[in-house]
Number of protein chains: 2
Amino acid sequence: MSISSRFAVGIHILTLIEINKSGVNTSEYLASSVNTNAAVIRKIMGMLKSAGLVNVRPGIAGAQLAKDLSEITLFDVYKAVNVVQEKELFSIHDHPNPDCPVGRNIQDTVMPIFSVAQSAMEKALSNVTLADIVNDILEKEKAVGK
Amino acid sequence: MSISSRFAVGIHILTLIEINKSGVNTSEYLASSVNTNAAVIRKIMGMLKSAGLVNVRPGIAGAQLAKDLSEITLFDVYKAVNVVQEKELFSIHDHPNPDCPVGRNIQDTVMPIFSVAQSAMEKALSNVTLADIVNDILEKEKAVGK
DNA sequence: ATACTTGTAACCATAACAATTACATTGTCT
DNA sequence: AGACAATGTAATTGTTATGGTTACAAGTAT
């Protein structure tokens with residue numbers, strides 16, 4: 001299984017809002033860049049808004065970032081779009097047999113390990129900000145321009 | 001989304017094979033500890049066998065570990081049961097708009113970052129061996145005994 | 001031969017996902 | 001006020017992974 005593309009789309013949206021900040025970022029416009037339906041964008045935007053990453057208002061066209069670019073890490077986006085619940089990256093079979101030494105302990109033994117592994121991944125995401133993403137994209141564009 | 005419990009079940013199975021190594025570990029027996037169907041166990045066992053972690057033979061009851069406990073990391077189990085493909089922990093929306101600076105670069109920008117995050121998680125799993133799991137369970141059992 | 005076990009394949013119910021449609025709500029503009 | 005446009009949200013759909021279940025062929029031992 002794999003983590004929902006809502007995460008990648010969230011990054012895409014926020015990046016585009018920044019790069020197109022002089023324009024009007026309607027859900028329709030953003031959707032055309034992501035290549036999906038505008039309702040999908042609005043749904044994700046709602047999550048980003050709840051997380052305080054973005055300002056959008058009903059009836060008013062366009063979205064703006066609510067924070068500075070360098071203040072938003074990928075981990076913030078990841079949490080915002082709710083792709084993985086806390087301590088639930090790995091699922092554990094439930095109701096193992098309590099009459100077996102392994103069955104009655106496996107969950108408690110394995111959970112903290114899974115938790116460490118999940119945290120390691122999340123830590124890596126928190127080391128990257130949207131500013132890094134935007135810079136990288138601008139770099140790539142510049143390279144092509146030559 | 002969350003990573004299939006095949007992983008946790010794989011750990012459970014291997015641990016139990018070790019702890020019950022004086023007994024006969026049939027799929028039926030293992031299934032009763034995991035609390036699932038024996039066919040599910042056999043399917044997972046097939047994966048563990050393909051990965052060279054376990055010895056099982058058609059018609060012959062019982063499974064044995066194919067390696068030393070301390071030589072099997074959780075990452076080995078994780079790879080064996082195929083819960084996450086390489087570089088595919090995170091999914092990325094496909095066909096973003098190539099006419100948009102963000103659309104045409106987002107994949108190349110984001111992929112290496114996702115890859116680093118996934119590796120960090122996998123690294124954490126490779127730091128733990130089945131010997132650690134078995135020890136922890138035996139510790140927990142001993143504590144209860146007092 | 002009989003009994004037991006592993007190895008597979010087929011099938012099913014469930015859940016998450018992304019896309020889509022539809023519509024109420026909110027705001028802007030004339 | 002009324003028309004228009006955008007957001008917010010709910011309902012529906014096709015697709016896919018999962019975990020469980022049944023069934024049975026193939027291998028092994030007594």
Side-chain angles (χ1 to χ4, degrees), chain A residues 1-10 12-13 17 23-51 53-64 66 81-85 88-97, chain B residues 1-10 12-13 17 23-51 53-64 66 81-85 88-97:
Chain A
M1 242 305 145
S2 112
I3 292 175
S4 167
S5 67
R6 274 204 307 280
F7 181 31
V9 172
H12 186 143
I13 288 173
I17 291 175
V24 181
N25 295 292
T26 64
S27 60
E28 203 66 53
Y29 171 71
L30 297 171
S32 78
S33 171
V34 172
N35 190 26
T36 182
N37 196 285
V40 171
I41 299 296
R42 289 198 289 269
K43 191 171 178 183
I44 295 176
M45 197 75 85
M47 296 179 178
L48 297 173
K49 181 184 177 181
S50 298
L53 301 184
V54 127
N55 291 323
V56 215
R57 276 155 38 200
I60 301 180
Q64 292 91 34
V81 298
N82 239 315
V83 280
V84 176
Q85 305 309 310
E88 293 190 2
L89 175 58
F90 299 90
S91 48
I92 305 184
H93 51 297
D94 38 25
H95 313 306
N97 191 340
Chain B
M1 240 308 142
S2 113
I3 292 174
S4 167
S5 67
R6 273 203 308 279
F7 181 31
V9 171
H12 185 142
I13 288 174
I17 291 176
V24 180
N25 294 292
T26 64
S27 60
E28 203 66 53
Y29 170 72
L30 296 170
S32 79
S33 172
V34 171
N35 190 26
T36 183
N37 194 286
V40 172
I41 298 295
R42 290 198 288 269
K43 191 171 178 181
I44 296 176
M45 196 77 84
M47 295 180 181
L48 297 174
K49 181 183 179 183
S50 299
L53 302 183
V54 125
N55 292 324
V56 214
R57 274 156 40 198
I60 302 180
Q64 291 92 34
V81 297
N82 238 314
V83 280
V84 175
Q85 305 311 311
E88 292 189 4
L89 175 59
F90 299 90
S91 47
I92 305 185
H93 52 296
D94 37 25
H95 311 308
N97 191 339

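So you know, we letter chains A, B, ... as the sequences are listed, proteins then strands, and number each from 1.
Contact check for B/H93 versus A/T36: no side-chain heavy atoms found under the 4.5 Å cut-off.
For the pair B/S91 and B/A39, both in contact range of DNA chain C, the more 5′-proximal nearest nucleotide belongs to B/A39. Summary of the strand contacts: B/R57 and B/V83 both lie near DNA chain D, and taking for each the nucleotide with the nearest heavy atom, the more 5' one is attributed to B/V83.
Neither OP1 nor OP2 of D/dA6 sits under 4.0 Å from any side-chain N or O of A/T26. Here A/T36 does not reach the OP1 or OP2 of C/dA18: none of its side-chain N or O atoms lies under 4.0 Å away. Contact annotation: B/K43 does not reach the phosphate of D/dG19 (side-chain N/O to OP1 or OP2, under 4.0 Å). Dashed line: the shortest gap from a side-chain N or O of B/S27 to OP1 or OP2 of C/dT6 is under 4.0 Å. Close to D/dG19, at under 4.0 Å from its OP1 or OP2, lies a side-chain N or O of B/S4. B/S5 has no side-chain polar atom (N or O) that falls below the 4.0 Å cut-off from OP1 or OP2 of D/dT18. Applying the 4.0 Å criterion to OP1 and OP2 of C/dA18, one finds that A/R6 has a side-chain N or O inside that range.
Here the P atom of nucleotide C/dA16 and the CD atom of A/Q85 are 10 Å apart, to the nearest Å. In this structure, the CD1 atom of A/I60 is 20 Å from the P atom of D/dC4, given to the nearest Å. In this structure, B/F90 atom CZ and C/dC17 atom C1' are separated by 17 Å, rounded to whole Å. Following rounding to the nearest Å, A/I3 (CD1) and C/dA15 (P) show an atom-to-atom distance of 21 Å. Atom CD1 in B/I41 sits roughly 11 Å away from atom P in C/dT6 (whole-Å rounding). Atom CD in A/E28 sits roughly 8 Å away from atom P in D/dA6 (whole-Å rounding). Summarising the geometry, the separation between CD on A/Q64 and P on D/dT7 is reported as 11 Å, rounded to the nearest angstrom. The distance from atom CG of B/N55 to atom P of C/dT5 is 19 Å, rounded to the nearest whole Å.
Distance alone, capped at 3.5 Å, is enough to place a donor-acceptor pair between the B/S32 side chain and the B/Y29 backbone. Proximity of a side-chain donor or acceptor of B/S91 to a complementary backbone N or O of A/I3 within less than 3.5 Å is detected.
The side chain of B/N37 has D/dT21 as its nearest neighbour among D/dG27, D/dT7, D/dT21. Minimum atom distance to the side chain of A/R42 is reached by C/dA22, of the listed D/dG19, C/dA22, D/dA6. Here C/dG7 is the nucleotide among D/dA10, D/dT28, C/dG7 with the atom lying nearest to any side-chain atom of B/P58. Out of C/dA19, D/dG8, C/dG27, the shortest distance to the side chain of A/V40 is found at C/dA19. Among the nucleotides C/dG27, C/dG7, D/dT9, the one closest to the side chain of B/K49 is C/dG7.
Atom CG of A/D94 and atom CG of B/N35 lie 8.5 Å apart (nearest 0.5 Å). A/S2 OG to B/E88 CD: the interatomic distance, rounded to the nearest 0.5 Å, is 7.0 Å.
Pairing each heavy atom of A/M45 with each of A/L30, the nearest pair is CE-CD1, 3.2 Å.
If you check every strand for non-hydrogen atoms under 4.0 Å, B/A61 touches sugar and phosphate atoms only.
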